[in-house]
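What follows is a set of notes on a single structure, which appears directly below.
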Amino acid sequence: MTAFKSDFLNTLQERGFIHQCSDFESLDALAAKGQATAYVGYDCTAPSLHIGNFLTMMMLYWLQQSGNKPITLMGGGTTMVGDPSGKDETRAIRTIAEIEANKASIRGVFAKVLRYGGGHADAVMLDNAEWLTKLNWIEMLRDIGRHFSVNRMLTMDSVRLRLEREQEMSFIEFNYMVCQAYDFVELSRRVDCRLQMGGSDQWGNIVNGVDLGRRMGTPQLFALTTPLLTTASGDKMGKTAKGAVWLNADQFSPYDFWQYWRNVEDADVVKFLKLFTILPMSEISKLAALKGGEINEAKKVLATETTALLHGRDAANEAAETARRTFEEGALAETLPTVEIPRGEFDTGLGVLSAFVKADLVASNGEARRQIKGGGLRVNDAAVTDEKMLLTSANLTPEGVVKLSLGKKRHVLLKPA
């Protein structure tokens, strides 16, 4: 393990964030002096960011804690183009209205992790639409495009893999890496940004920016990437039966977020404590020493600390208490995720298959049928055996709800409205 001069790189190395860096020695010297202004770009392709984005937000967090300045770059401009990285198909072209709505929806999550303001190490938020949408096409070709080698662009993973699979790549996608590289140059000129960070799949795009900066006369720029986020079993992290693990509470509740971390594989607990919490390494080392069933206590700490970081300590404690009451006491915790159903549907009878779909516990009636055959669905803790069962007012508990369960760990309350 390399001993760095800067707290920033020492912390990232110790906690497992580092995959590749374009120049460790020079970046280390810059960060040690508190002069490493760095950015991560976030395209506005959805109303919420996801766990992969949470990882790079944590890199910005530790950058700020070491006295350096983080920039969160909103991709109002690049979202109009669409990043082809890791995709076999062209990303859907979003309207300006959709991009603006998504941008507004995701902005708030950054302030949960970073401190914004006018100080030396305070974070700032910028939007690349400010300069990309003002580029003149001919000037862009002449001043920026001439620095790019098509031969080299064709070797980038985002392009090469698409071509190898004989999947079409549009001209607009081919230009994405040009836009991202120019972002780096523009940020260097505007706010003296010297470092771009991102996931390992962004290495080629980031290095393009470093090279473009050199060709266009900026100070030395740096690239730093984090490893691909996978589970111990090799699966890509952040996928659940309900889909992506979103960071916005209205798309993935704090309780579901807490449960996600509580249910990670044993072999992943320590790695995730290092990456997704701000617990001191000494405390993480104590949790790493737990064996057997005690690992569940480490998982609860992981779940509570990650949830507190993103949704606040009160929401994290409430999720932990809800889980405790539900699983350890067998009680009906009223703070479980709740879905309101028109009262009339209980009067006429709500089909059990439809009920589980409405609760977002299964994706379809067919999946509900398969779960019933395997004994996986329960209503008020009783196994469902009849797929034609109707839920009526008679199924309401004394609390006035119907508890639906998928397996032992996922529960939703249906409430007449």
Side-chain angles (χ1 to χ4, degrees), residues 11-20 40-43 45-62 83-88 91 106 109-110 112-113 157-158 161 197-203 205-206 224-249 251-279 281 284 287-288 295-296 298-311 316 319 323 360 363 406-407 409-410:
T11 299
L12 289 198
Q13 179 176 245
E14 186 177 35
R15 300 182 85 99
F17 283 95
I18 297 176
H19 179 61
Q20 286 175 289
V40 177
Y42 300 92
D43 278 349
T45 54
S48 172
L49 299 178
H50 52 73
I51 277 188
N53 304 125
F54 193 23
L55 184 66
T56 56
M57 286 165 60
M58 293 305 298
M59 295 175 82
L60 290 173
Y61 170 84
W62 291 115
D83 184 1
S85 301
K87 297 292 181 181
D88 276 344
R91 292 178 187 266
I106 67 179
V109 74
F110 295 108
K112 305 283 184 67
V113 178
D157 285 348
S158 59
L161 296 175
M197 302 188 292
S200 58
D201 63 333
Q202 292 295 314
W203 176 254
N205 287 346
I206 298 174
L224 180 64
T225 59
T226 191
L228 179 67
L229 201 55
T230 57
T231 64
S233 56
D235 296 326
K236 188 173 181 180
M237 190 186 170
K239 296 292 184 182
T240 70
K242 295 177 69 173
V245 179
W246 300 107
L247 303 188
N248 281 20
Q251 289 196 253
F252 203 81
S253 73
Y255 175 79
D256 285 334
F257 194 76
W258 191 95
Q259 280 293 332
Y260 176 81
W261 298 103
R262 168 62 181 83
N263 294 326
V264 300
E265 298 177 45
D266 291 358
D268 285 325
V269 178
V270 175
K271 178 174 81 170
F272 293 163
L273 280 166
K274 291 178 182 178
L275 293 175
F276 294 104
T277 78
I278 57 176
L279 289 175
M281 288 299 295
I284 292 174
L287 293 169
I295 292 176
N296 286 325
K299 289 183 181 183
K300 291 175 187 176
V301 172
L302 169 66
T304 299
E305 292 305 313
T306 52
T307 306
L309 192 60
L310 197 65
H311 297 296
D360 205 20
L406 171 63
K409 297 181 178 179
R410 294 190 59 202

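Keep in mind the model is a prediction, meaning the values are calculated, not measured.
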Checking ring-ring contact (aromatic ring centres under 6.0 Å, His included) against F276, which of Y61, F257, W261, W62 comes through?
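The ring-ring contact (aromatic ring centres under 6.0 Å, His included) with F276 is passed solely by W261 among Y61, F257, W261, W62.
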Would you check if M59 and L12 make a side-chain contact, meaning some heavy-atom pair closer than 4.5 Å?
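In contact.
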Please examine the side chains of V270 and I284, heavy atoms only from C-beta on, and report whether any two atoms are closer than 4.5 Å.
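Sidechains of V270 and I284: in contact.
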Is a side-chain N or O of [X] found less than 3.5 angstrom from the main chain of [Y], in a donor-acceptor match?
| X | Y | result |
| --- | --- | --- |
| S48 | W246 | no |
| T226 | F17 | yes |
| T56 | N53 | yes |

How many angstroms lie between [atom1] in [X] and [atom2] in [Y], if you round to the nearest 0.5 Å?
| X | Y | atom1 | atom2 | answer |
| --- | --- | --- | --- | --- |
| D201 | I206 | CG | CD1 | 8.5 Å |
| E265 | K299 | CD | NZ | 8.5 Å |
| N296 | D266 | CG | CG | 7.0 Å |
| T306 | R262 | OG1 | CZ | 12.5 Å |
| L302 | K274 | CG | NZ | 13.0 Å |
| R15 | L273 | CZ | CG | 8.5 Å |

Which atom of [X] lies closest to which atom of [Y], heavy atoms considered:
| X | Y | value |
| --- | --- | --- |
| A319 | P254 | CB-O, 4.1 Å |
| N248 | H311 | C-CE1, 4.4 Å |
| L49 | V109 | CD1-CG1, 3.9 Å |
| P47 | I106 | O-CG2, 3.1 Å |
| Y255 | A323 | CE1-N, 4.1 Å |
| M58 | T277 | CE-O, 4.1 Å |

From CA spacing to verdict: side-chain contact (heavy atoms from CB on, under 4.5 Å), L247, L310
CA-CA 8 Å; L247 303 188; L310 197 65; 3.7 Å; yes
What verdict does the side-chain contact (heavy atoms from CB on, under 4.5 Å) test give for W203 and H19, after you've listed the backbone C-alpha separation in whole Å, the side-chain angles of each residue and the deciding distance to 0.1 Å?
CA-CA 10 Å; W203 176 254; H19 179 61; over 6 Å; no
With side-chain contact (heavy atoms from CB on, under 4.5 Å) as the criterion, how do I51 and Y260 come out once you've worked through the C-alpha distance, each side chain's angles and the decisive distance to 0.1 Å?
CA-CA 11 Å; I51 277 188; Y260 176 81; 3.4 Å; yes
Carefully, step by step, assess I278 and L309 under the rule side-chain contact (heavy atoms from CB on, under 4.5 Å).
CA-CA 8 Å; I278 57 176; L309 192 60; 4.3 Å; yes
Are the ring centres of F110 and Y42 closer than 6.0 Å?
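Distance test on ring centres: under 6.0 Å, yes.
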So that I can tick it off, tell me whether R410 and D256 are bridged by a salt bridge, with the cut-off set at under 4.0 angstrom between side-chain N and carboxylate O.
no
